[in-house]
Enquirer: 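I have a structure I would like to understand better, so I am pasting it below and will then ask my questions one at a time.
Ligands are counted one by one from 1 in listed order, and the atoms in each one are counted from 1 as well.
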Amino acid sequence: MIYQGNAITVARGTSSGGDDIAMLTFDLKDESINKLSSAVVAELDEAVHAIRAQSGLKGLVIGSAKEVFIVGADITEFHGIFEKGEEYLVEMNLKVHEIFNAIEDLPFPTVTAINGLALGGGCEVTLTTDFRVMSEKAKIGLPETKLGILPGWGGCVRLPRLIGSDNAVEWIAGGGENRADAALKVGAVDAVVPNEQLEAAALDILARANAGELDYQARRAEKTGPLKLNAIEQMMAFETAKGYVAGKAGPHYPAPVEAIKVIQKGAGEERARAQAIEAKAFAKLALTDVCYNLVGLFLNDQVVKKKAGKYEKQAKAVKQAAVLGAGIMGGGIAYQSASKGTPILMKDIKEDAIELGLKESRKLFAKQVERGKLSTEQMAEKLTHIRPTLSYGDFGHVDLVVEAVVENPKVKDAVLTEVEGLVSEDTILTSNTSTISITRLAQNLKRPENFCGMHFFNPVHRMPLVEVIRGEKTGDAAVAATVAYARAMGKTPIVVNDCPGFLVNRVLFPYFGGFSLLVEQGADFQRVDKVMEKFGWPMGPAYLLDVVGMDTAVHANEVMAEGFPERMARDGKTAIQVMFENERLGQKNAKGFYAYEEDKKGKPKKVSDEKAYELVKQVVQQEKAFSDEDIIARMMVPLCLETVRCLEDGIVETPAEADMALIYGIGFPPFRGGALRYIDAMGVAEFVKLADGLAEELGALYAPTDKLRQMAEAGERFYP
Ligand code: NAD
């Protein structure tokens, strides 16, 4: 044994004999994956020193004893490390470069055997060796830009030299995971083999390199020298890429373009200079708020996944599902379930509704075929997973039912009690209601413990969130099965407690409340949209209301006002009500705050409509001038405060879940991290001051809670 650490071992000799090859194996103790924490990087340093001290070696194979190769750096350490500042980060990365360079400079050929996921720092480890062989099922990539940083351990330097700057820009700015065949095609790896042949293939490459058949020195020269591009080629490649990538990433995500700049700046340089450029740019990005929030997002996502995983372990599997109602939501739910492999019965009372639901599913599957994600045979097979029906004939074998009929408590009561009498004793019943209390719907059921909310968002196939709502009598088995089914559908379930609006709509409607007040005080609704879109929302509030539908919004608002009259009930009409009363329902009838025309692809395109302005005049009471910051504060404060209330009331258990629900459910700008992260970024005390100022003029919707005040006084935050 050359080296033995907690995560790394280095042994001399291979399973096929001979002791002139060093085998460095990553196998982090007590973990299911390998990751490059600071401790593991320190071990790698020791391991490389130990290898260098050996004599008579003719090669090195780097591999993993886990299912993955290395999933990347240890992101849980990021906030703590990044806090130490720019200088520290530059030094840290230069130190890692030293270790990685030492591998690259070993006096014999080297190869990595990539058996599974090799991401971020894991991918960068593979780039240090002369050659790479990859298992057919493995994936490789550099997702750093998705966290607001760039590959800082040599990825921006070695990858373009290996696969060309155009391919490297695509890998790094896109941040995707690449399959083995794609990696082979661009030359990121030298061979792709079945997993069981990985070691043999790696040893074969070393033998050929030692025999002079493969020129490993030339490989190194290529990886460590300047990029071979002339000035004009460089300009063309990088300038075009920067424009395209900037357009795609948008103004709030600087990392992808910064990564291209680093590749460009380092292109004409030798390894050391190019690495120094990379280290500096990395440190700068690591200190941005965007990076802080995107890292926070990753950590929150882990919290959410872990919780769902716990429920999943206790859950009875859903092998056969059913959905009641084949409308917009029912059709979407059936498609999603079938698409991910859980057979589903789709029941409606109307033949034409069923036809419509099926047509929508066919359309969505056909799009997948068009994009090359499904073959026509697979599409046909998946479509058989949806069984349309007008009767309850087969409901005896259903594990879980999603009720998605019209939003009418009487109809829902009737449908739920009816289906309860036809399914087996342990079938889980759920409702996709947006506004009716789950506890209230459970009242007429014989087995309320088997019932909970399963609230999807529209369009179901696109929106990642599913709120799983626990009513007063809901049992753990119902929650667990619903969470597991949501996961099987490829969704992110978040468990919340019952209240008007549940979590997401309870938080969204105060935001609409802020919008109504702004309009009444003279703000131009199109300007409000523009400001909020610039702030990072995928669509402004007026546009969002058009998408949600004015009828739905008015109804949900009534429910909210009844549930929380002190801050959500209003005197007088709002702009939303005016739109509704004038039959401007939004996209569904092509007019709302905007008018809608069909674009070339047949999709609704919004255009400004004078008539909407005329109508809105009815509610405008003042002619106040608002700055962009005023608009943002008046929109964001009610939303953030309601999120705080949901946390205080125990509707949602953790800040992480609350923030993720807003990002996944209503498109809260991800780079801002969520409502609670937003308050933290501003500082709780500063936020309370801002809210107090607004509350004086605008009332209870803007009033901080007592607990938030206490947090401000004690200097506390939502996140550590
Ligand atoms: P929809 O009107 O498009 O569809 C409702 C369907 O239910 C219709 O096809 C109707 O024929 C059918 N139906 C009525 N009575 C039935 C019965 N007894 N048995 C079987 N089917 C019956 O409505 P939708 O937009 O799909 O909404 C359905 C539910 O989902 C509602 O509770 C709604 O609040 C909720 N929801 C809607 C959205 C949304 O954006 N549309 C989002 C989240 C939740």
Enquirer: Under 4.5 Å between any side-chain heavy atoms of Asp399 and Tyr485, yes or no?
Expert: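 Not in contact.
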Enquirer: Within the 3.5 Å criterion, strictly below it, is a donor on Thr482 or Tyr311 matched to an acceptor on the partner's side chain?
Expert: no
Enquirer: Are Arg584 and Phe593 in a cation-pi contact, defined as NZ or CZ under 6.0 Å from the six-membered ring centre and within 45° of the axis?
Expert: no
Enquirer: Within the 3.5 Å criterion, strictly below it, is a donor on His555 or Thr435 matched to an acceptor on the partner's side chain?
Expert: yes
Enquirer: Determine whether any heavy atom of Glu418 lies closer than 4.0 Å to an atom of ligand 1.
Expert: no
Enquirer: Nearest protein heavy-atom contact for atom 26 (O) of ligand 1: which residue, which atom, what distance?
Expert: Met329 N, 2.8 Å
Enquirer: Measuring from non-hydrogen atoms of Glu403 to any atom of ligand 1, is the shortest distance under 4.0 Å?
Expert: no
Enquirer: Got an N/O contact under 3.5 Å between Ile328 and ligand 1?
Expert: yes
Enquirer: Could you tell me if the ring centre of Phe687 sits under 6.0 Å from that of Tyr678?
Expert: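 When the ring centroids of Phe687 and Tyr678 are compared, they turn out to be at least 6.0 Å apart.
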Enquirer: Given Gly331, Pro409, Ala353, Ala404, which one has a non-hydrogen atom that is nearest to atom 5 (C) of ligand 1?
Expert: Ala404
Enquirer: Asp498 side chain to Arg470 main-chain N or O, any donor-acceptor pair under 3.5 Å?
Expert: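 Answer holds: no.
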Enquirer: Nearest protein heavy-atom contact for atom 32 (O) of ligand 1: which residue, which atom, what distance?
Expert: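 Sorting protein heavy atoms by distance from atom 32 (O) of ligand 1 puts Glu407 OE1, 2.4 Å first.
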Enquirer: Looking only at protein heavy atoms, which one is nearest to atom 8 (C) of ligand 1, and how far off is it?
Expert: Asp348 OD2, 3.6 Å
Enquirer: Is the closest protein non-hydrogen atom to atom 23 (O) of ligand 1 under 4.0 Å?
Expert: no
Enquirer: How far is atom 15 (N) of ligand 1 from the closest protein heavy atom, and which atom is that?
Expert: Ile349 CD1, 3.5 Å
Enquirer: How far is atom 29 (C) of ligand 1 from its nearest protein heavy atom, and which residue and atom is that?
Expert: Val405 O, 3.3 Å
Enquirer: Counting each atom of ligand 1 from 1 as listed, which ones have a heavy atom of Lys412 under 4.0 Å away?
Expert: 31 (C), 32 (O)
Enquirer: Could you verify whether a donor N or O on one side chain and an acceptor N or O on the other, from Asn589 and Tyr596, lie under 3.5 Å apart?
Expert: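 Asn589 vs Tyr596: no donor-acceptor pair found between side chains.
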Enquirer: Answer yes or no: is there a side-chain heavy-atom contact under 4.5 Å between Ser608 and Gln526?
Expert: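 A side-chain contact under 4.5 Å exists here.
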Enquirer: Here's one to test your reading of the geometry: is the NZ or CZ of Arg634 within 45 degrees of the ring axis of Phe515 and under 6.0 Å from its centre?
Expert: no
Enquirer: State the atoms of ligand 1, each with its element, that fall below the 4.0 Å cut-off from a heavy-atom position in His455.
Expert: 43 (C), 44 (C)
Enquirer: Do any nitrogen or oxygen atoms of Phe456 lie less than 3.5 angstrom from nitrogen or oxygen atoms of ligand 1?
Expert: no
Enquirer: Can you report which non-hydrogen protein atom sits closest to atom 2 (O) of ligand 1, along with the distance?
Expert: Val406 CG1, 4.1 Å
Enquirer: Give me the residue, atom name and distance of the protein heavy atom closest to atom 18 (N) of ligand 1.
Expert: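 Answer for atom 18 (N) of ligand 1: Val415 CG2, 3.1 Å.
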Enquirer: Among protein heavy atoms, which sits nearest to atom 4 (O) of ligand 1, and what does the distance come to when rounded to 0.1 Å?
Expert: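 Result: Gly327 CA, 3.3 Å.
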Enquirer: Looking only at side chains, do Tyr664 and Asp301 share a donor and an acceptor under 3.5 Å apart?
Expert: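 The criterion, which ignores hydrogens and geometry beyond distance, is satisfied for Asp301 and Tyr664.
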Enquirer: Does ligand 1 come near enough to Thr433 that some N or O of the ligand is less than 3.5 Å from an N or O of the residue?
Expert: no
Enquirer: Could you tell me whether Asn432 and ligand 1 have an N or O pair separated by under 3.5 Å?
Expert: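 Yes; the residue has a nitrogen or oxygen that sits under 3.5 Å from a nitrogen or oxygen of the ligand.
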Enquirer: To the nearest 0.5 Å, how far apart are CG in Leu297 and CG in Asp659?
Expert: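 That separation rounds to 8.5 Å.
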